Amino acid sequence: QPQDMQEAYRLYLEASLKGNAEAQAHLGHMLLNGKGCEASEEEAMLWFEKSASQNYLEAMSVYGRFLVEKGDLKGLDLIQEAANKGHADAQLFLGTLFYIGKPIKDDIKAVEWLMKSAEQNQSDAQTALATCYLHGEGVGQDFVKANEWLMKASALGNQKAR
């Protein structure tokens with residue numbers, strides 16, 4: 001399998017050098033996780049940035065999150081754009097940011113974004129939404145709905161929901 005991963009890395013690199021945004025995002029993930037190559041967050045982010053500049057949603061989400069976590073608020077624009085275009089992980093991250101208060105605490109907006117993500121079967125968003133219903137944050141307290149979202153997340157294999 002390591003040779004298969006090395007071959008995948010070689011093929012993604014080849015396609016990435018030709019400007020293929022999807023390949024660039026896959027290459028970024030391989031570099032981030034050291035699959036078929038030596039891990040390099042710095043090099044991974046360069047490929048995610050190239051892919052994001054071509055509006056590839058997965059890359060916009062990953063690179064935007066990287067920037068936000070480094071304190072660069074330009075990443076919020078990427079996350080917002082990917083979330084608006086329906087990327088479930090970007091929606092989850094945006095909902096989480098509103099929930100924890102970065103840049104502003106807004107439980108109602110947090111729930112709106114978590115709901116969009118949860119409805120796409122993003123199990124972490126489903127557990128976060130269940131927490132909101134459990135505590136009445138951004139929505140009316142509703143133990144039945146909290147349980148429903150936890151059951152959905154659990155059915156998807158989310159360990160936190162069990």
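These figures come from a predicted structure and were not determined experimentally. Just so you know, these numbers use all the heavy atoms, side chains as well, and skip hydrogens, waters and symmetry mates.
In this structure, CG in D106 is found 12.0 Å from CG in L97, a value given to the nearest 0.5 Å. To the nearest 0.5 Å, the span separating CD on Q6 from CG on L11 amounts to 12.0 Å. The CG atom of L150 sits 11.0 Å away from atom OG of S123, with the distance rounded to the nearest 0.5 Å. Here the straight-line distance linking atom OG of S40 with atom CH2 of W47 works out to 12.0 Å at 0.5 Å rounding. To the nearest 0.5 angstrom, D107 atom CG is 11.0 Å from F98 atom CZ. One finds the CG atom of L129 at 8.5 Å from the CD atom of E119 (value rounded to the nearest 0.5 Å).
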- [ ] Could you walk me through whether L78 and K74 pass side chain to side chain contact (heavy atoms under 4.5 Å, CB included), step by step?
- [x] CA-CA 7 Å; L78 286 172; K74 285 185 290 184; over 6 Å; no

- [ ] Begin with the C-alpha distance, continue with both residues' side-chain angles, and end with the deciding distance and a verdict on side chain to side chain contact (heavy atoms under 4.5 Å, CB included) for M45 and L32.
- [x] CA-CA 8 Å; M45 289 308 143; L32 205 54; 3.8 Å; yes

TODO: Dump the intermediate steps for side chain to side chain contact (heavy atoms under 4.5 Å, CB included) on Q141 and H135, then the final yes or no.
DONE: CA-CA 6 Å; Q141 190 173 43; H135 300 292; 5.5 Å; no

TODO: Please assess L76 against L73 for the test side chain to side chain contact (heavy atoms under 4.5 Å, CB included), listing each intermediate value before the final yes or no.
DONE: CA-CA 5 Å; L76 276 177; L73 294 183; 3.9 Å; yes

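Within the 4.5 Å cutoff, no side-chain heavy atoms of L92 are placed close to those of W113. For the pair M60/I79, no side-chain contact is recorded, criterion being any heavy-atom separation below 4.5 Å from C-beta on. Using a 4.5 Å heavy-atom threshold, the side chains of E22 and Y56 count as touching. Considering only heavy atoms from C-beta on, E69 comes within 4.5 Å of F93 through its side chain. At least one side-chain heavy atom of N55 sits under 4.5 Å from a side-chain heavy atom of E81. No side-chain heavy atom of F48 sits less than 4.5 Å from a side-chain heavy atom of L31. A heavy-atom distance below 4.5 Å is not found between the side chains of W149 and T127.
Residues Q122 and D89 bring a donor and an acceptor atom of their side chains to less than 3.5 Å of each other. Under the 3.5 Å distance criterion, with hydrogens and angles disregarded, no donor-acceptor pair is assigned to the side chains of Q24 and E49. At a cut-off of 3.5 Å, with distance as the only test, a side-chain donor of E58 or H29 sits close to an acceptor on the other residue.
Taking the charged nitrogens against the carboxylate oxygens, K116 and E112 have no contact shorter than 4.0 Å, which rules out a salt bridge. One finds a salt bridge joining R10 and E14 here, because a Lys/Arg side-chain nitrogen approaches an Asp/Glu carboxylate oxygen to under 4.0 Å. Between K160 and D124, at least one side-chain nitrogen of the basic residue sits less than 4.0 Å from a carboxylate oxygen of the acidic one, meeting the salt-bridge criterion.
Contact detail for S61 and A82: the closest heavy-atom pair is N-CB, 4.3 Å. Of all non-hydrogen atoms in L114 and A125, the two that sit nearest each other are O-CB, 3.7 Å. The nearest pair of heavy atoms linking L67 to G75 is CB-CA, 3.7 Å. In plain terms, the two heavy atoms of A59 and A25 that are nearest each other are CB-CB, 4.3 Å. In terms of heavy atoms, Q126 sits closest to K152 at OE1-C, 3.5 Å. When every heavy atom of G140 is checked against every heavy atom of Y133, the shortest pair comes out as O-CD2, 3.7 Å.
Residues M5 and L13 are members of one and the same hydrophobic cluster, defined by side-chain heavy-atom contacts under 4.5 angstrom among Ile, Leu, Val, Met, Phe, Trp and Tyr. Side-chain heavy atoms closer than 4.5 Å link hydrophobic residues (I, L, V, M, F, W, Y) into clusters, and following such links, possibly through other members, connects L17 to L27. The hydrophobic cluster containing Y99 does not contain V139, counting ILVMFWY residues as joined when their side-chain heavy atoms lie under 4.5 angstrom apart, directly or transitively.
No donor-acceptor pair closer than 3.5 Å links the side chain of N20 to the backbone N or O of S16. Judged purely by atom type and a 3.5 angstrom limit, Q120 uses its side chain to pair as donor or acceptor with the backbone of G86. A distance-only check finds no donor-acceptor pair linking the side chain of N33 to the backbone of K35 [under 3.5 Å].
Around the NZ atom of K105, the shell of radius 6.0 Å holds more than 12 heavy atoms that belong to other residues, nucleotides or ligands. The number of heavy atoms from other shown groups lying within 6.0 Å of CD1 (I108) does not exceed 12.
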